[in-house]
Amino acid sequence: MSMRKVGRPNIDHNLSEKLLLCARDLFANMPYEKVSIRMIANKAEVNSSMIGYYFGNKEGLFEAMFLYTTEPIYKKMQELAKNPTGESLIELISKMSDEFLKAPMIPRLLTQAMNMPPSDSKRKLVERLMEEFSKPLRDMVFSQLIENGVIRDDMDPQLCRFSWVSLVMFPFLIPSGAYEISKGIDQSEEFYKKLMEHNIKLMTHGFIKTNPSGED
């Protein structure tokens, strides 16, 4: 995917980024249909016409927000494609975790959209964005990881891809009540980081060869 720059040429990038951050906060904590252009503009303390000028409409702002949020992950994915090792795959997992910690409701927002009817415009938008984002991982990165012997020989590569995505995203999809009934667990950033370190160890000992030339 060729990452598109958000907004229009020769714009106030500070204001553009402020709109993106305010939109991300609202989209991540409220249903898509409940978030209005006026709400975003009020949160950013700007005239609502600025959103139309920079992003066209709410759908355009949502798309720009998605690209803005996932661009650091995509860049790390490109690095992984150039250097497909177990260590670079783990770095990608860590980067995804870091970005989701900045916007922990984004995975849930995407999941909610994918549960909508196939004809829903928001689902179509998310499907298109996810297809653009995940295609390099599906078509290039994992095939190179297999060729380089990073994925263990006795493991199904396709299932491994689903496993590592779920281990990264699932902690952010668990309902809050599930954490509340688990004693000694809170939803702090420290907990999420510790959990991700744990999940990386599971993957390292489960299907990732950090030393393809020999056994881990």
Side-chain angles (χ1 to χ4, degrees), residues 17-18 20-32 34-35 39-40 43-44 62 65-80 85-116 122 126 129-130 133-134 137-138 141-142 145 150-152 155 158-211 216:
E17 183 174 34
K18 185 177 183 180
L20 290 169
L21 292 172
C22 290
R24 183 170 71 179
D25 182 61
L26 289 170
F27 281 128
N29 290 283
M30 297 175 62
Y32 178 91
K34 297 291 185 181
V35 178
M39 289 174 62
I40 299 169
K43 188 175 181 63
F62 180 88
M65 178 273 297
F66 179 89
L67 295 173
Y68 175 81
T69 300
T70 57
E71 186 168 12
I73 301 174
Y74 185 75
K75 287 181 177 179
K76 183 60 68 174
M77 194 180 296
Q78 289 180 312
E79 293 177 15
L80 172 60
T85 66
E87 288 80 2
S88 57
L89 178 58
I90 291 171
E91 287 178 9
L92 172 62
I93 295 167
S94 298
K95 172 57 71 174
M96 290 181 69
S97 176
D98 289 343
E99 294 305 316
F100 287 151
L101 277 171
K102 296 176 185 176
M105 292 298 290
I106 292 298
R108 188 170 297 175
L109 172 66
L110 298 177
T111 301
Q112 289 171 348
M114 293 306 296
N115 284 329
M116 294 175 180
K122 294 179 290 299
V126 170
L129 293 173
M130 290 301 293
F133 179 75
S134 64
L137 180 65
R138 183 179 67 249
V141 173
F142 255 79
L145 288 172
V150 175
I151 305 299
R152 295 181 184 276
M155 302 297 286
Q158 185 175 16
L159 294 180
C160 290
R161 177 163 56 88
F162 278 105
S163 292
W164 83 262
V165 170
S166 15
L167 283 169
V168 172
M169 293 189 67
F170 185 68
F172 301 97
L173 300 176
I174 302 175
S176 298
Y179 285 104
E180 292 172 1
I181 63 176
S182 301
K183 295 182 179 179
I185 293 180
D186 57 22
Q187 290 177 273
S188 66
E189 182 175 335
E190 182 181 357
F191 166 74
Y192 280 119
K193 287 183 176 180
K194 186 175 181 181
L195 178 59
M196 194 50 56
E197 290 174 0
H198 170 78
N199 286 345
I200 288 174
K201 288 180 181 178
L202 287 177
M203 287 182 269
T204 302
H205 293 287
F207 63 82
I208 299 173
K209 288 183 181 179
T210 54
N211 179 23
D216 292 335

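The first residue in the sequence is number 1, and the count goes up from there.
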field: Residues which pass side chain to side chain donor-acceptor pair (under 3.5 Å) with Lys193, listed by chain and number, not counting sequence neighbours
entry: Glu189
message: Going by the rule side chain to side chain donor-acceptor pair (under 3.5 Å), which residues pair with Lys43 if we only count those two or more places apart in sequence or in a different chain?
response: Asp25
To the nearest 0.5 angstrom, please state how far the [atom1] atom of [X] sits from the [atom2] atom of [Y].
X: Ser163; Y: Asn199; atom1: OG; atom2: CG; value: 11.0 Å
X: Met196; Y: Met203; atom1: CE; atom2: CE; value: 6.5 Å
X: Leu195; Y: Leu202; atom1: CG; atom2: CG; value: 9.0 Å

- prompt: In terms of ring plane angle, is the pair Phe27 and Phe62 parallel, tilted or perpendicular, where the classes change at 30° and 60°?
  reply: perpendicular
Which atom of Cys160 lies closest to which atom of Met155, heavy atoms considered: SG-CB, 3.6 Å
- request: Work out which heavy atom in Leu20 is nearest to a heavy atom in Met65; give both atom names and the distance.
  value: CD2-N, 3.7 Å
Tell me, please, which residues at least two apart from [X] pass side-chain contact (heavy atoms from CB on, under 4.5 Å).
X: Met30; result: Leu26, Lys34, Val35, Met39
X: Ser94; result: Ile90, Ile200
X: Lys18; result: Cys22, Ala44, Glu45

task: Kindly write out the residues that satisfy salt bridge (Lys or Arg N to Asp or Glu O under 4.0 Å) with Lys194, not counting sequence neighbours, or none if the list is empty.
output: none
message: Restricting to salt bridge (Lys or Arg N to Asp or Glu O under 4.0 Å), what partner residues turn up for Asp98, sequence neighbours left out?
response: none
